Protein chains: 2
Amino acid sequence: MAKPRHERLDCSPGCTVEATLGLIDGKWKGVILFHLFEGVLRFNEIRRRLPNVTQRMLTNQLRELEADGLIVRTVYPQVPPKVEYSLSERGRSLEPVIMALKAWGDVHAPIHQKAA
Amino acid sequence: MAKPRHERLDCSPGCTVEATLGLIDGKWKGVILFHLFEGVLRFNEIRRRLPNVTQRMLTNQLRELEADGLIVRTVYPQVPPKVEYSLSERGRSLEPVIMALKAWGDVHAPIHQKAA
DNA sequence: CATCACGGTATCCTTTTCGACACTATGGGC
DNA sequence: GCCCATAGTGTCGAAAAGGATACCGTGATG
C-alpha cells in the first residue's frame, strides 16, 4: 500500500515531481480527491460518482490515500455501517496541484482528440 | 502507446484531472519533462540524468510523450546517431502543472516520511 | 421469510507494466 | 582486429495492477 514508485529516488531534483505523482497516481485517486474537495463523502456516495470503479478498487484506492495521509476515514459504529471520507490537512494542501491538473486538462482536452 | 487510462471517461467533471494525469503518469515521464524544461537533451543525456531507467523504458516513455504531442524528437542523420528531444508547445504548457507537482513534493517531501 | 442497503473482504484470473538481457549498425580509437 | 559510444529494438519472464464475482453481518422494509 502506498509504496513509492521508485525505491531509489536518486533522480536529481526532479524526483519530487515523481514523488507527488506517486501519491495521486493510481487510476482513481485524482478523481476521488477531486470529489472530496467538494466535501465529506460516504463510501457509496463516492462510488456513485465513479460509475466504473469496482468496490475492491475503490476500497484499495481509499486505503492507499489514507495510508498516505491524504484522507481521513471516519467509521460510525452503527448498523448499517456508515463511513465518511474527508480530506486531511495534507490532502487539502494538494488542491492547487489537482486544480492545475484539471485546468490543463480542461484546456487541452485530450478527451476525443479535441472534437468540435 | 499513450492509451487513455479510462476508456470511458464518464467520471463527472473531475475526469480531466485523470486525463492530464494519464499523460504525465508513467513512472518516468514527470522527471523527463522536468529535465526538458531546462533545455534540449539527447537520448543519453536524459539517460544519465535518470540512473535507474533502462534503455527500453526510456525509449518507451519518450515515444509515448512524443505520441501525446508533448515532446519533439529530432533525428540528425549522422553516424554515430544523434537524436535530440525537446518540448513542444503543448509540452511547454505543462510547465505550471509539473511545477505544482514539484512544489508540493518539495514541501511535503514524502521522501523519508519527513525526516527532520 | 426474502430482499435491500451499507461498507466492505476474499478469491480468482487476465492484462499491463517493467526490468534484464541480448542484439543491431556504423565509425573512431587503441 | 576488438572494443567503445550512439540510439535504439526484440524477446523473455516476473510482478503488479486491476476487473469479475461471490460472500459477510446486521437492520429495516416489503
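Predicted model only: the values in this text are computed from it and were never measured. Letters A, B, ... mirror the listed sequences (proteins, then strands); counts begin at 1.
Considering only side-chain N and O atoms, A:Arg63 lies under 4.0 angstrom from the phosphate OP1 or OP2 of C:dG8. A sub-4.0 Å separation between OP1 or OP2 of C:dG19 and a side-chain N or O of B:Arg56 is absent. The shortest distance between the side-chain N/O atoms of B:Arg47 and the OP1/OP2 oxygens of D:dA5 is not below 4.0 Å. Side-chain N/O atoms of A:Lys82 include none lying less than 4.0 angstrom from OP1 or OP2 on C:dA5.
Closest approach to the B:Tyr85 side chain among D:dG8, D:dT26, D:dT6 is made by D:dG8 (side chain taken as heavy atoms from C-beta onward). Nearest to the side-chain atoms of A:Thr59 among the listed nucleotides D:dG8, C:dG8, C:dC6 stands C:dG8. Of the candidate nucleotides D:dA7, D:dT6, C:dC6, D:dT6 has the atom nearest to the side chain of B:Pro80. Taking the side chain of B:Phe43 as heavy atoms from C-beta on, and the options D:dT9, D:dA7, C:dC6, the nearest nucleotide is D:dA7.
Atom C1' of nucleotide D:dA16 and atom CG of B:Asp25 are separated by 14 Å, given to the nearest angstrom. The distance between atom CD of A:Glu45 and atom P of C:dC6, rounded to the nearest whole Å, is 9 Å. Between the P atom of D:dG8 and the CG atom of B:Leu62 lies a distance of 8 Å, rounded to the nearest Å. Distance, A:Leu58 CG to D:dA20 C1': 16 Å, rounded to whole Å. Rounded to an integer number of Å, the gap from CD of B:Gln78 to C1' of C:dG28 is 14 Å. What separates CD of A:Gln61 from C1' of C:dG8 is a distance of 15 Å, to the nearest Å. The nearest whole Å value for the distance from the NZ atom in A:Lys27 to the P atom in D:dA17 is 13 Å. Atom-to-atom, CD of B:Gln55 to P of C:dC23 comes out at 14 Å; the value is rounded to the nearest Å.
Between the side chain of B:Arg73 and the backbone N or O of B:Tyr85 there is no donor-acceptor pair closer than 3.5 Å. Here the side chain of B:Glu66 pairs no donor or acceptor atom with the backbone of B:Arg63 at under 3.5 angstrom. Counting only distance, with no hydrogens or angles, the side chain of A:Thr16 and the backbone of A:Ala19 share no donor-acceptor pair below 3.5 Å.
In terms of heavy atoms, A:Leu50 sits closest to A:His35 at CD1-CD2, 3.7 Å.
At a threshold of 4.0 angstrom between heavy atoms, the contacts of A:Tyr76 with the nucleic acid are absent.
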Check against salt bridge (charged side-chain N to carboxylate O under 4.0 Å, His left out), B:Lys102 and B:Asp106: CA-CA 6 Å; B:Lys102 176 170 157 48; B:Asp106 284 346; 2.8 Å; yes

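Ranked by how close their nearest DNA chain D nucleotide is to the 5' end, A:Met57 and B:Val75 are led by B:Val75.
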